[in-house]
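By convention in this document, chain letters (A, B, ...) are assigned in the order of the sequence lines, proteins followed by strands, and residues within each chain are numbered from 1. As the structure is a computational prediction, the values presented were derived from the model and not from experiment.
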Amino acid sequence: MPTLVGIFDRPAPVAEVAKRLRNRGFEKLEIYSPSAFPELDDALDEKPSGVRAWTLVGGLLGVTTGYAVTIWMSVDWPIVIGGKPFASVAPYTIIGFELTILFGGLATLLGLLVVGRLPYGSFGKSDKGYSARFSAEEIGLVVECPERDVAEIDALLRAHHAVEVDLVEA
Amino acid sequence: MAPPPPAMPAAEAIRPPVVPGDSKINRDLMAVTGTPTLGWLALLLAAGGSMLLAGALWTYQVYIGLGIAGYTHPIFWGVYIVTFVFWVGIAHAGTLISAILYLFRAKWRNAINRGAEAMTVFAVLTAAQFLGIHVGRMWKAYFILPYPNQRGLWVNFKSPLMWDTFAISTYATISIVFFYIGLIPDLAIARDRATGWRKLLYTALALGWQGTSRQWKAHSRSVLHLSGLATPLVLSVHSVVSWDFAMSIVPGWHATIFAPYFVAGAIFSGFAMVLTVMIPLRRIYGLEEYITDYHFDNMARFILLTSLIVGYSYFMEYFVAWYSGVEFEKTSFWLRAFGPYWFSTWTMIICNTVIPQLFWSRRLRTHVPTVFVVSTFVNIGMWFERYVIIITGLSREYNPAVWGLYTPTWVELSILAGSFGFFATLFLLFIKIFPVIAISEVKELAIHERAHARGGAH
């Protein structure tokens, strides 16, 4: 299928044209950008990123582990320390807190890898239409479309201030 | 059709683009990783040399025993613990800048966050070694971990030392995760331009990052969530370190003010270290365009604010000692200022509360040599603060019959110097391998500014 790459020098028109293309039923779109632009966050997918679920589950797992480990261990080998109960929840809160952060942070990293589909299988090799320009200062919008729509999409991209439009696969 | 390329100024023509369509920001910031200069090699040699010397001395200490440190009754926490607390404190600026300023949407952090995050990671690694160096028989260090063992014993979770183990290891892990996640997009920039072994390294570390919208969205959320997690963490770490002291009954340590007092001190010293390192770095690599006087001005304001908090804490410690009417507290604090360790106390007070007052003047906050000198004094003052708390506290406890004096030995001082060597070695290697300024974050601002300047549809 032909693939067009529109190259832009600012994010706002990319979001606009992506929205238009999606409204017209083109779903095989990809955006490459050199930085995180808030404008582009929802350009291809309005759903909130799944990373938050990973962080939440990691954090909850951490706090549970923190309290469970400390309480179980002090009951497993009961020694009176400073006249306190074997399972003293107050000092264990510190362990519970630290493990919330630790597990939550590690789960966030895992979430980034899973949701962002990293490591990207082919490593050095690039996806269709990717170029080092997109790790410079340009933003690329890649559109896969049937042959008959090429001319129309080319015109649409240019009308939205694409500085260049390339046909990478015919 | 692509517009014709704009005419290139003479200064830019010296460094031609590596690939077509490259950007000036990429070239400027990746240039730092270029061929090492003689000066860099000399610094690495000095830093690496002092690190190796410290390593040799530590081996010697392991062989001879802790007797070669200046430990003497009743002072069994010396320079090693002082230096541990010092480096943990230094480690606070990175996460503060990355996490807290991120949540506050302070965009000026972009120029300094990478360097500060790297310093955090290296400072925590430096600090962690001192726990091993201090305990003497460090091959038993694993005793602190809760693992199933033949004795059927578990660790004591009611002990602040145990909390500290968890706090420091969590902080080290989260700092590394934060640092790495921020680095991924920049590694992809480097990958697209590098050749040889660097290409291999960056390709492996960048994990195939291409900056797709899905990746950026996940990345932004991860940074946001990590910031949310790291913000309470950064405040907790030095609180927990302070409880190593405050949970005891040593006069001068047993105070509720310790947690906020330590956290403010940590941020104070962390910012000072960022300035001490970034000022020469900016000068040597000509990064004035990216790290501007505005950044130094903002950091100097932080130093002024935290200096006031630290000064207030010093005052409150004395006030509470007097107001409590407890003889031991009063004596302990009197001897801090006028006893055998008066020099450390006055160095601490002058460096941390008097000298930073210069930053009330905007002219001095933006006068780079002044900022450098003040930040260096703050580093010295904050090391002495920990020396004062630990050594004077232990040397003058309740019973005058068991008072004692401690003098650091040459072995301890050389290992202290070696810790700076270790930190500097890691940082010097870091700036030659990874971009020292977060390129993709700087670019976001630049691209937005350009779009605004054109009055484009933004």
Side-chain angles (χ1 to χ4, degrees), chain A residues 10-13 30-37 40-41 43-45 49 51-52 55 69-70 73-74 76-77 81-82 84 88 91-92 94-95 97-99 101-102 104-106 108-109 111-112 115-124 126-127 130 132-138 161 163-164, chain B residues 1-3 19-23 25-26 146 152-158 163 166-167 170 173-174 177-178 181 185 188-189 191-193 203-204 207-222 225-226 229-230 232-233 236 240 440-441 443-444 446-447 450-451 456-458:
Chain A
R10 56 208 146 109
E30 187 57 278
I31 296 174
Y32 298 114
S33 68
S35 305
F37 296 109
L40 299 178
D41 260 5
L44 298 188
D45 186 4
S49 172
V51 175
R52 56 191 196 154
T55 312
V69 154
T70 46
M73 284 180 185
S74 27
D76 184 52
W77 186 271
I81 298 166
K84 298 182 192 90
S88 312
Y92 300 169
I94 293 160
I95 309 292
F97 170 80
E98 296 296 343
L99 291 192
I101 308 287
L102 181 66
L106 291 174
T108 306
L109 174 65
L112 167 67
V115 176
R117 298 196 184 139
L118 295 169
Y120 180 68
S122 50
F123 273 89
S126 308
D127 263 340
Y130 179 80
R133 302 172 76 154
F134 307 134
S135 60
E137 287 188 22
E138 288 167 312
H161 312 287
V163 291
E164 190 182 320
Chain B
M1 284 293 287
V19 291
D22 202 356
S23 78
I25 299 176
N26 282 357
L153 280 170
W154 295 111
V155 292
N156 175 16
F157 285 111
K158 291 170 189 125
W163 307 339
F166 276 74
T170 300
T173 313
I174 296 297
V177 168
F178 214 142
I181 287 186
I189 294 173
R191 173 202 61 201
D192 288 347
R193 283 150 189 86
T203 303
L207 303 177
W209 177 271
Q210 294 183 329
T212 64
S213 53
R214 165 182 273 276
Q215 286 172 346
W216 274 120
K217 196 167 179 174
H219 190 268
S220 307
R221 293 308 173 275
S222 306
H225 296 165
L226 273 174
L229 290 169
L233 177 67
S236 84
V240 171
S440 64
E441 294 189 31
K443 245 187 242 171
E444 185 202 335
I447 293 173
R450 199 175 55 201
H458 170 64

Given the options [options], which has more heavy-atom pairs under 4.5 Å with chain A than any of the others?
{"options": "B:A167, B:S220, B:P146", "value": "B:A167"}
{"options": "B:A188, B:S213, B:P185", "value": "B:S213"}
{"options": "B:L233, B:I25, B:V155, B:L226", "value": "B:L233"}

Task: Under 4.5 Å from a heavy atom of chain B, the part of A:Y32 involved - done: both

- [ ] Measure distances from A:I94 to the heavy atoms of chain B and classify the residue's part below 4.5 Å as side chain, backbone, both or neither.
- [x] side chain

TODO: Compare all side-chain heavy atoms of B:I189 with those of A:P34 and state whether any distance is below 4.5 angstrom.
DONE: no

Minimum heavy-atom distance between [X] and [Y], given as atom pair plus value:
{"X": "A:L112", "Y": "B:A218", "value": "CD1-C, 3.7 Å"}
{"X": "A:V51", "Y": "B:R221", "value": "CB-CB, 4.2 Å"}
{"X": "A:S88", "Y": "B:K158", "value": "OG-CE, 3.0 Å"}
{"X": "B:L229", "Y": "A:T55", "value": "CD1-CG2, 4.0 Å"}

Expected output: side-chain [X] to main-chain [Y] donor-acceptor under 3.5 Å:
{"X": "B:N156", "Y": "A:I81", "result": "no"}
{"X": "A:S35", "Y": "B:S440", "result": "yes"}
{"X": "B:K443", "Y": "A:A136", "result": "yes"}
{"X": "B:W216", "Y": "A:S33", "result": "yes"}

TODO: Could you tell me the separation between the CG atom of A:L118 and the CD atom of B:Q210, rounded to the nearest 0.5 Å?
DONE: 9.5 Å

Open item on the list: Distance check, rounded to the nearest 0.5 Å: A:L44 atom CG versus B:T212 atom OG1?
Closed with: 9.0 Å

Task: Verdict with supporting geometry, B:S23 and A:E138, side-chain contact (heavy atoms from CB on, under 4.5 Å) - done: CA-CA 9 Å; B:S23 78; A:E138 288 167 312; over 6 Å; no

Open item on the list: Can you list everything that forms a salt bridge (charged side-chain N to carboxylate O under 4.0 Å, His left out) with B:K217? Sequence neighbours excluded, please.
Closed with: A:D42

TODO: Using salt bridge (charged side-chain N to carboxylate O under 4.0 Å, His left out) as the criterion, list what pairs up with B:E441, not counting sequence neighbours.
DONE: B:R109

TODO: Using a strict 4.0 Å threshold on nitrogen-to-oxygen distance, state whether A:D41 and B:R214 make a salt bridge.
DONE: no

